[in-house]
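Any value given below was found using the heavy atoms of this structure, including those in side chains, with hydrogens, waters and symmetry copies removed. Nothing here was measured: the structure is a model prediction, and the numbers come from that model.
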Amino acid sequence: MLPNIDVRIANMIKAIEQVVLPALPKSERLARDQAMLVAGHLRMITGQWKNALRFEQVTLDALIGLADKLSGIVAEPFAGELAKAAECARAADRGNIDGLEAAYTALGHVIDNAILGGPDHVPLPQAAVDALFDYGSRNAQLERTWFKAIGFDPDRAELPEIADVL
């Protein structure tokens, strides 16, 4: 029987912390810092990987919601481009992380173009600005929770568990 992903990651962390770090001279501060960074990221991945597909689904759904909202607010050609891109994103394979990420990236580029107003820099209506702020505030908690294991968020103890926000 093959070891599961959690066991494999734990073994990588153990190798870094118990073999690699002790073998590095104290004077090699950068190498030691990088090894600890790798171990830290592996710990974070341990808490994320089982929820990664759902995270990508929720993230894409939120962006589709923003595109839908903006397409009813902004002028053409942006409204049509947003509607078309949202439909393409809806068609993404919900079971494929790479497909979800590609759909998110493609839709994000269309949203960015609408926000920037294209080459003519058409200003956004206030309702679009409000929609962007609403999206940003809702998405911020999801992203803060997703990355709370890094330890940088001063309020990380108050953030919910990943499964709870998904």
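The salt bridge (Lys or Arg N to Asp or Glu O under 4.0 Å) pairs that include a residue from residues 45-55 are D6-K50, where partners are two or more places apart or lie in different chains.
Cluster annotation: I111 is connected to F133 through the hydrophobic network of ILVMFWY side chains, with a link wherever side-chain heavy atoms come within less than 4.5 Å. L60 and F147 end up in different hydrophobic clusters when Ile, Leu, Val, Met, Phe, Trp and Tyr side chains are linked at under 4.5 Å. Hydrophobic clustering keeps F55 apart from L66 (ILVMFWY residues linked when any side-chain heavy atoms are closer than 4.5 Å, directly or through intermediates). Under a hydrophobic-cluster definition in which Ile, Leu, Val, Met, Phe, Trp and Tyr are linked whenever side-chain heavy atoms come within less than 4.5 Å, directly or via other members, M12 and I5 are assigned to the same cluster. Clustering ILVMFWY residues whenever any of their side-chain heavy atoms sit less than 4.5 angstrom apart, transitively, puts L70 in the very cluster that holds Y135.
Here the closest heavy-atom approach between residue V110 and residue A85 is recorded as CG2-CB, 3.8 Å. Nearest heavy atom pair, residue L82 against residue A67, reads CB-O, 4.0 Å. Closest approach of M44 and A149 over heavy atoms only: CG-CB, 3.8 Å. Here the closest non-hydrogen pair linking S71 and A79 is O-CB, 3.2 Å. Closest non-hydrogen pair, I73 versus A128, comes out as CG2-N, 3.6 Å. When all heavy atoms are compared, the tightest approach of D68 to A86 is OD1-CB, 3.6 Å.
One finds no salt bridge joining K84 and E81 here, because no Lys/Arg side-chain nitrogen approaches an Asp/Glu carboxylate oxygen to under 4.0 Å. Under 4.0 Å is where a charged nitrogen must lie from a carboxylate oxygen, and between E158 and K148 no such pair does. A salt bridge does not link D130 with K69: every distance from a Lys NZ or Arg NE/NH1/NH2 to an Asp or Glu carboxylate oxygen is 4.0 Å or more.
In this structure a side-chain-to-backbone donor-acceptor pair under 3.5 Å is present from D93 to G95. Side chain of E101 to backbone of E56: no donor-acceptor contact under 3.5 angstrom is found.
With values rounded to the nearest 0.5 angstrom, R32 atom CZ is found 14.5 Å from L37 atom CG. Remark: R43 CZ to H41 NE2 distance equals 12.0 Å, nearest 0.5 Å. For the atom pair I16 CD1 and Q34 CD, the distance stands at 11.0 Å (nearest 0.5 Å). Going from atom NZ of K14 over to atom CD1 of I9 covers 15.5 Å, rounded to the nearest 0.5 Å. With rounding to the nearest 0.5 Å, the separation of CZ in R8 from CD1 in I13 is 13.0 Å. Taken from CG in L63 to OH in Y104, the straight-line distance is 5.0 Å, to the nearest 0.5 Å.
Between T145 and L166, every side-chain heavy-atom pair lies at or beyond the 4.5 Å cut-off. For the pair T59/W146, no side-chain contact is recorded, criterion being any heavy-atom separation below 4.5 Å from C-beta on. In this structure the side chain of L100 never reaches within 4.5 angstrom of the side chain of N96, judged on heavy atoms. You'll find the side chain of F78 reaches within 4.5 Å of the side chain of V122, heavy atoms only.
Between D61 and the options R138, R90, R94, a salt bridge (Lys or Arg N to Asp or Glu O under 4.0 Å) holds for only R94.
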Candidate pair L132 and L124, rule side chain to side chain contact (heavy atoms under 4.5 Å, CB included), full reasoning: CA-CA 10 Å; L132 288 165; L124 283 175; 3.7 Å; yes
N139 vs E143, side-chain hydrogen bond (donor to acceptor under 3.5 Å, both in side chains): CA-CA, chis, key distance, verdict: CA-CA 6 Å; N139 200 49; E143 291 181 358; 2.8 Å; yes
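Atom CD of E161 is surrounded by 12 or fewer heavy atoms from other residues, nucleotides or ligands within 6.0 Å.
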Which side-chain N or O atoms in residues 150-157 pair as donor and acceptor under 3.5 Å with protein atoms at least two apart or in another chain?
| residue | atom | partner | partner atom | Å |
| --- | --- | --- | --- | --- |
| D153 | OD1 | R144 | NH2 | 3.1 |
| D153 | OD1 | D155 | N | 2.8 |
| D153 | OD2 | R144 | NE | 2.5 |
| D153 | OD2 | R144 | NH2 | 3.2 |
| R156 | NH1 | G151 | O | 2.7 |
| R156 | NH1 | D153 | O | 2.9 |

